[in-house]
Each structure stands twice: as structure tokens, then as C-alpha cells.
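The structure appears right after this line, and notes come after that.
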Amino acid sequence: MIDVVIYQNSNSEYIGFKTDGHAEYDDPGQDIVCSAVSAITITILNSVEKLSDVNFTFDCDQESGHMDFIFTEEPDSKAQTLMQALVIGISGIEESYGDYICMTFKEV
């Protein structure tokens with residue numbers, strides 16, 4: 001199962017996310033759930049980097065499915081919009097494939 005944790009600050013702004021695990025929906029290379037999560041998270045990461053001036057840290061281990069992304073400063077409106085898009089995308093995957101992905105929220 002893929003565990004997705006969305007980090008929020010005390011103002012309920014999205015300030016990062018963490019993923020762990022593999023969906024195991026299908027064989028590696030054929031797993032549409034893992035592919036969907038990877039596509040969304042990498043797109044958001046690249047979009048924040050290209051469209052926003054907010055600094056962040058990022059750590060990734062493909063073998064374990066671990067990805068950790070967090071802003072190191074207050075997110076601007078573009079970064080917030082992109083993080084909202086991430087939550088919407090992951091929510092859609094969770095609605096369809098809830099046995100293979102779980103999203104939670106954590107104040108940090």
C-alpha cells in the first residue's frame with residue numbers, strides 16, 4: 001500500500017508531503033496506481049520548482065517508494081495552488097483504488 005501524508009501548518013496550508021511504499025496493484029512496470037502517484041507527485045515537484053520561488057527540500061528512494069518534500073519557507077499562492085492540485089489528484093486515486101493507497105493529513 002502507498003501511504004501519502006500531506007503536511008499542513010497551523011494555518012491549514014499545505015506545506016509538503018511524504019509517500020511511502022508501493023501499491024502492489026500489479027507487477028512492477030504494470031502498476032497503474034504507483035504510476036499515477038509517481039506522475040502526480042513528480043509533476044507537482046517540477047511545477048513548484050519552475051513556477052514558484054519557494055525553497056524546499058526533497059528526498060527520494062525509488063526502491064522503497066519513499067519521497068519526502070517540504071517547503072523550507074512560507075509557501076506563496078502558486079505553491080499553495082499546486083499543493084491543492086496534489087491533494088485533489090491523490091484523493092481521486094484514493095477514491096478509485098482505496099485498497100492500494102491511503103492519504104492522511106499531519107500538522108507539522
Side-chain angles (χ1 to χ4, degrees):
M1 174 174 279
I2 299 173
D3 290 311
V4 179
V5 178
I6 305 296
Y7 300 135
Q8 296 178 287
N9 62 18
S10 59
N11 296 326
S12 296
E13 296 173 314
Y14 302 130
I15 59 168
F17 65 89
K18 176 179 76 168
T19 66
D20 276 307
H22 293 285
E24 298 180 0
Y25 176 80
D26 203 343
D27 294 331
Q30 303 296 316
D31 193 324
I32 61 172
V33 178
C34 276
S35 295
V37 171
S38 294
I40 290 172
T41 55
I42 296 300
T43 298
I44 295 302
L45 171 70
N46 290 336
S47 297
V48 167
E49 189 171 47
K50 297 278 187 192
L51 302 173
S52 173
D53 294 324
V54 180
N55 292 315
F56 59 88
T57 61
F58 176 70
D59 182 46
C60 180
D61 177 38
Q62 186 175 357
E63 187 174 316
S64 69
H66 175 80
M67 185 181 298
D68 201 4
F69 169 92
I70 193 160
F71 296 121
T72 56
E73 58 186 293
E74 190 73 22
D76 63 14
S77 62
K78 290 179 184 177
Q80 272 300 292
T81 299
L82 291 166
M83 288 298 298
Q84 290 167 353
L86 171 75
V87 171
I88 291 166
I90 297 296
S91 293
I93 297 167
E94 187 179 34
E95 285 176 22
S96 298
Y97 299 96
D99 291 341
Y100 303 95
I101 183 170
C102 177
M103 181 172 60
T104 57
F105 296 85
K106 180 180 180 181
E107 186 176 323
V108 294

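Note that this is a predicted model, so its numbers are computed, not measured.
- Nearest heavy atoms, Val54 versus Pro75: CG2-CA, 3.9 Å.
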Open item on the list: Applying side-chain contact (heavy atoms from CB on, under 4.5 Å) to Ile6 and Leu86, what does each step give before you reach the verdict?
Closed with: CA-CA 9 Å; Ile6 305 296; Leu86 171 75; 4.0 Å; yes
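- A perpendicular orientation is assigned to the rings of Tyr25 and Tyr97, their planes being inclined by more than 60° (bins at 30° and 60°).
- Of all non-hydrogen atoms in Phe17 and Met67, the two that sit nearest each other are CE1-SD, 3.7 Å.
- Tyr100 approaches Glu24 most closely through the heavy-atom pair CE2-O, 4.1 Å.
- Taken from NZ in Lys18 to CG in Asp59, the straight-line distance is 11.5 Å, to the nearest 0.5 Å.
- The hydrophobic clustering, which links ILVMFWY residues whose side-chain heavy atoms are closer than 4.5 Å, places Val33 and Met1 apart.
- Atom CG of residue Leu82 and atom OG1 of residue Thr43 lie 10.5 Å apart, to the nearest 0.5 angstrom.
- Taking CD1 of Ile70 as the reference point, atom CD1 of Ile15 lies at 4.5 Å (rounded to 0.5 Å).
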Open item on the list: Checking Asp76 against Ser52 for the side-chain hydrogen bond (donor to acceptor under 3.5 Å, both in side chains) test, could you report, in this order, the C-alpha distance in whole Å, the side-chain angles of both residues, the deciding distance, and whether it holds?
Closed with: CA-CA 7 Å; Asp76 63 14; Ser52 173; 3.1 Å; yes
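- Remark: Asn11 CG is packed, more than 12 non-hydrogen atoms of other residues, nucleotides or ligands lying under 6.0 Å away.
- Rounded to the nearest 0.5 Å, atoms CD1 (Ile93) and CD1 (Ile90) are 4.5 Å apart.
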- [ ] Could you please spell out the steps behind the side-chain hydrogen bond (donor to acceptor under 3.5 Å, both in side chains) verdict for Asp68 and Tyr7?
- [x] CA-CA 10 Å; Asp68 201 4; Tyr7 300 135; 3.1 Å; yes
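- From Leu45, atom CG reaches atom CZ of Phe69 across 6.0 Å, with rounding to the nearest 0.5 Å.
- For the atom pair CG of Asp99 and CD of Glu94, the computed distance is 10.5 Å after rounding to the nearest 0.5 Å.
- A 4.5 Å side-chain heavy-atom check between Glu13 and Met83 finds every atom pair outside the cut-off.
- Hydrophobic clustering (ILVMFWY, side-chain heavy atoms < 4.5 Å, transitive): Ile42 and Ile88 are in distinct clusters.
- Between Glu63 and His22, the shortest heavy-atom distance links the atoms O-NE2, 2.8 Å.
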TODO: Determine, stepwise, if the pair Tyr14 / Phe105 fulfils side-chain contact (heavy atoms from CB on, under 4.5 Å).
DONE: CA-CA 9 Å; Tyr14 302 130; Phe105 296 85; 3.8 Å; yes
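- Annotation for Glu107: atom CD counts as buried by contact number, over 12 foreign heavy atoms lying within 6.0 Å.
- Heavy-atom minimum distance, Ser91 versus Met103: OG-CE, 3.1 Å.
- A donor-acceptor contact shorter than 3.5 Å links the side chain of Thr19 to the backbone of Gly65.
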